[in-house]
Student: 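The following block contains the structure, expressed as structure tokens.
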Amino acid sequence: MTHLKTPYYLIDERKLKKNLEVIAKIREDSGAKSVLALKCFSTWCVFPLMRKYMDGTTSSSLFEARLGHEKFGKETHAFSVGYSREDIMEMRKFADKIIFNSTSQLEMFRDDVKGLKLGLRVNPGISYSHFDLADPARKYSRLGVLDKKKVMEMAPLISGVMFHFNCENDDFANLAKSMDYIGEKYGSLLKKMQWMSLGGGLFFTKKGYPVKEFCLKMKEFSGKYGVQIYLEPGEAAITQTTELVTTVLDVVHNKIDIAIIDASLEAHTLDHLIYRTTPRLSSPVPGPHKFMVAGRSCLAGDVFGTHKLKRPLKVGDEVRIADAAGYTMVKKNWFNGVMMPSIAVRRLSGKIEVVRKFGYEDFRDNLS
Ligand SMILES: Cc1ncc(COP(=O)(O)O)c(C=O)c1O
């Protein structure tokens with residue numbers, strides 16, 4: 001039990017290490033390198049641990065790329081759906097690879113990035129996603145080049161290609177089938193490349209995932225086409241490592257008991273609101289008492305779900321929202337001026353360190 005002031009995000013390095021060990025094993029057994037997708041998680045206080053197991057970072061913008069370079073080190077992959085010339089001029093100082101989203105951007109900036117490893121995002125036209133919002137192969141998708149002829153024309157300008165076509169894919173058979181499809185369709189291109197990225201969205205750290213088969217597939221594929229495979233795990237690297245720890249401020253009743261906590265779904269776990277998903281609670285544990293857990297913002301739907309709990313909630317009780325790292329901390333915001341959760345880390349030693357506290361000045365200076 002800790003006596004930190006809530007709300008706070010608590011990252012557990014021992015849990016993180018378990019995911020990282022799977023990533024390192026994949027590297028060892030298959031040769032596939034992993035770069036952390038900073039769009040998912042960029043809380044750099046745990047990068048010293050992560051960098052021991054991963055090969056670097058990949059980014060979606062100039063600032064992410066710079067953070068990866070400054071705080072993580074190793075390989076810095078840059079990607080953006082749209083670069084400006086200013087981005088390119090900055091990025092070329094530290095990025096190892098610059099991946100373009102379109103042939104027009106590649107042609108626009110190729111002379112500015114001479115000597116760097118360049119790549120192109122290819123949209124294979126297939127995907128695995130439960131959400132249209134996150135489906136890179138959705139109708140009218142702007143993510144990557146679909147036209148194979150255009151991709152082939154660019155081959156002399158690039159050393160690699162990136163395919164990101166999965167979202168929370170825990171189905172290895174589906175992935176294997178998609179890789180076979182990509183191999184058949186783009187095999188002649190891949191044979192001209194030095195590297196290819198399979199993007200993120202692969203759930204290989206999930207309990208029960210067939211990591212051995214996955215490694216065999218990666219090894220076979222990279223051998224067949226002579227490419228270094230990169231994986232870009234975001235969620236898989238940090239899943240199940242972090243809690244949002246909160247305190248009940250009030251209990252009200254409207255046909256159901258509603259516990260109001262000192263955090264907000266919209267401000268502190270925004271992805272649940274975007275995707276209409278319900279977070280799991282890690283504490284209290286399940287039981288017979290039905291409670292709605294709700295946030296303290298004024299949004300009527302600021303609700304962390306209705307849960308059946310072991311004990312009834314009362315003012316002052318602790319409520320822990322599970323799995324609060326991925327696409328969560330990176331999206332936290334100052335809506336309603338609600339107190340921003342501090343960031344704490346349970347280090348490998350077991351010691352809890354508060355690495356960041358936020359105050360009124362941070363709220364004020366977020367705008368002007
Ligand atoms: C290009 C790219 N790489 C990697 C990722 C990370 O995906 P995930 O966090 O699902 O592993 C994403 C997520 O959108 C992405 O767009």
Side-chain angles (χ1 to χ4, degrees), residues 16 19-20 22-23 26 32-43 46 50 53-62 64-65 67-68 72 75-83 95 97-102 105 119-124 126-138 141-146 160-172 174-175 178 182 195-206 209 211 214 218 229-242 269-272 274-275 277 323-331:
L16 184 58
N19 292 340
L20 295 170
V22 175
I23 290 173
I26 289 173
K33 294 185 180 182
S34 280
V35 285
L36 175 67
L38 294 176
K39 74 190 72 189
C40 171
F41 183 79
S42 51
T43 315
V46 289
M50 299 184 88
Y53 297 84
M54 300 183 76
D55 293 282
T57 56
T58 187
S59 54
S60 338
S61 64
L62 172 63
E64 278 191 0
L67 186 83
F72 200 107
E75 293 188 39
T76 302
H77 293 200
F79 169 74
S80 172
V81 172
Y83 294 107
K97 290 191 177 69
I98 299 201
I99 305 169
F100 293 94
N101 184 56
S102 69
Q105 284 246 309
L120 187 62
R121 178 168 179 172
V122 178
N123 186 329
I126 53 166
S127 61
Y128 181 104
S129 176
H130 300 293
F131 301 97
D132 179 58
L133 194 58
D135 182 355
R138 81 209 289 253
S141 174
R142 72 201 189 294
L143 302 173
V145 185
L146 271 151
V161 279
M162 188 259 272
F163 298 88
H164 169 76
F165 57 103
N166 290 286
C167 178
E168 299 189 359
N169 188 351
D170 56 359
D171 179 348
F172 171 70
N174 168 279
L175 173 69
S178 300
I182 287 174
W195 56 272
M196 78 170 284
S197 169
L198 275 175
L202 302 175
F203 245 160
F204 44 71
T205 50
K206 192 172 172 179
Y209 192 88
V211 174
F214 178 83
M218 294 297 137
I229 292 185
Y230 283 91
L231 304 167
E232 301 182 1
E235 193 64 50
I238 48 74
T239 186
Q240 308 294 334
T241 62
T242 300
T269 60
L270 183 62
D271 245 23
H272 285 297
I274 295 175
Y275 289 95
T277 48
D323 213 9
Y327 301 98
T328 303
M329 301 176 83
V330 288
K331 294 192 182 188

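As a basis for the values below, the full set of heavy atoms in this structure was taken, side chains included, without hydrogen atoms, waters or symmetry mates. One-based numbering, in listed order, for ligands and for the atoms of each.
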Student: May I ask you to list the atoms of ligand 1 that are less than 4.0 angstrom from any heavy atom of Gly201?
Tutor: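 Per the distance check, 7 (O), 8 (P), 10 (O), 11 (O).
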
Student: Please report which non-hydrogen protein atom sits nearest to atom 3 (N) of ligand 1, along with the residue it belongs to and the distance in Å to one decimal place.
Tutor: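 Atom 3 (N) of ligand 1 sits closest to the protein heavy atom Glu232 OE1, 2.6 Å.
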
Student: For ligand 1, is there an N or O atom under 3.5 Å from any N or O atom of His164?
Tutor: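 Looking only at distances, the answer is yes, because the N/O contact criterion of under 3.5 Å is met.
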
Student: Are the side chains of Tyr327 and Ile274 in contact, using a 4.5 Å heavy-atom criterion?
Tutor: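 Side-chain contact under 4.5 Å: no.
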
Student: Please state whether the rings of His77 and Trp195 are parallel, tilted or perpendicular, taking 30° and 60° as the class boundaries.
Tutor: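 The rings of His77 and Trp195 sit tilted, inter-plane angle from 30° to 60°.
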
Student: Can you find a heavy atom in the side chain of Lys39 that is under 4.5 Å from one in the side chain of Val330?
Tutor: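 Sidechains of Val330 and Lys39: no contact.
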
Student: Check whether Asn101 reaches the backbone of Arg142 with its side chain - one donor and one acceptor, N or O, closer than 3.5 Å.
Tutor: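 Such a contact is found between Asn101 side chain and Arg142 backbone.
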
Student: Under 4.0 Å from a heavy atom of Ala37: which atoms of ligand 1 are those, numbered in the order shown and with their elements?
Tutor: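 This gives 4 (C), 5 (C), 6 (C) as the contact atoms.
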
Student: Tell me, please: is Phe41 in heavy-atom contact with ligand 1, that is, under 4.0 Å?
Tutor: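 No heavy atom of Phe41 comes that close to ligand 1.
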
Student: Heavy-atom contacts with Glu235 under 4.0 Å: which atoms of ligand 1 show up? List them by number with element.
Tutor: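 Counting atoms of ligand 1 from 1, those under 4.0 Å from Glu235 are 8 (P), 9 (O), 11 (O).
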
Student: In the protein, what heavy atom is nearest to atom 15 (C) of ligand 1, and what distance, to one decimal place, separates them?
Tutor: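 Nearest protein contact, heavy atoms only, for atom 15 (C) of ligand 1 is Lys39 NZ, 3.0 Å.
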
Student: Under a 4.0 Å heavy-atom limit, does Met162 contact ligand 1 with its side chain, its backbone, both, or neither?
Tutor: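 Within the 4.0 Å criterion, Met162 contacts ligand 1 through side-chain atoms alone.
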
Student: Find all atoms of ligand 1 within a distance of less than 4.0 Å from any non-hydrogen atom belonging to Gly234, and give their numbers and elements.
Tutor: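 Every atom of ligand 1 under 4.0 Å from some heavy atom of Gly234: 8 (P), 9 (O), 11 (O).
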
Student: Please examine the side chains of Lys206 and Thr239, heavy atoms only from C-beta on, and report whether any two atoms are closer than 4.5 Å.
Tutor: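 Answer no - side chains too far apart.
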
Student: With a 4.5 Å limit on heavy-atom distance, are the side chains of Phe214 and Leu175 in contact?
Tutor: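 Phe214 reaches Leu175 side chain to side chain.
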
Student: Going by the order shown, which atoms of ligand 1 are within less than 4.0 Å of some heavy atom of Tyr327?
Tutor: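 Matching atoms, with element in brackets: 6 (C), 7 (O), 8 (P), 9 (O), 10 (O), 13 (C), 14 (O).
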
Student: Tell me whether Thr205 contacts the main-chain N or O of Ala236 through its side chain, where contact means a donor paired with an acceptor under 3.5 Å.
Tutor: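 Judged by distance alone, yes, a pair lies under 3.5 Å.
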
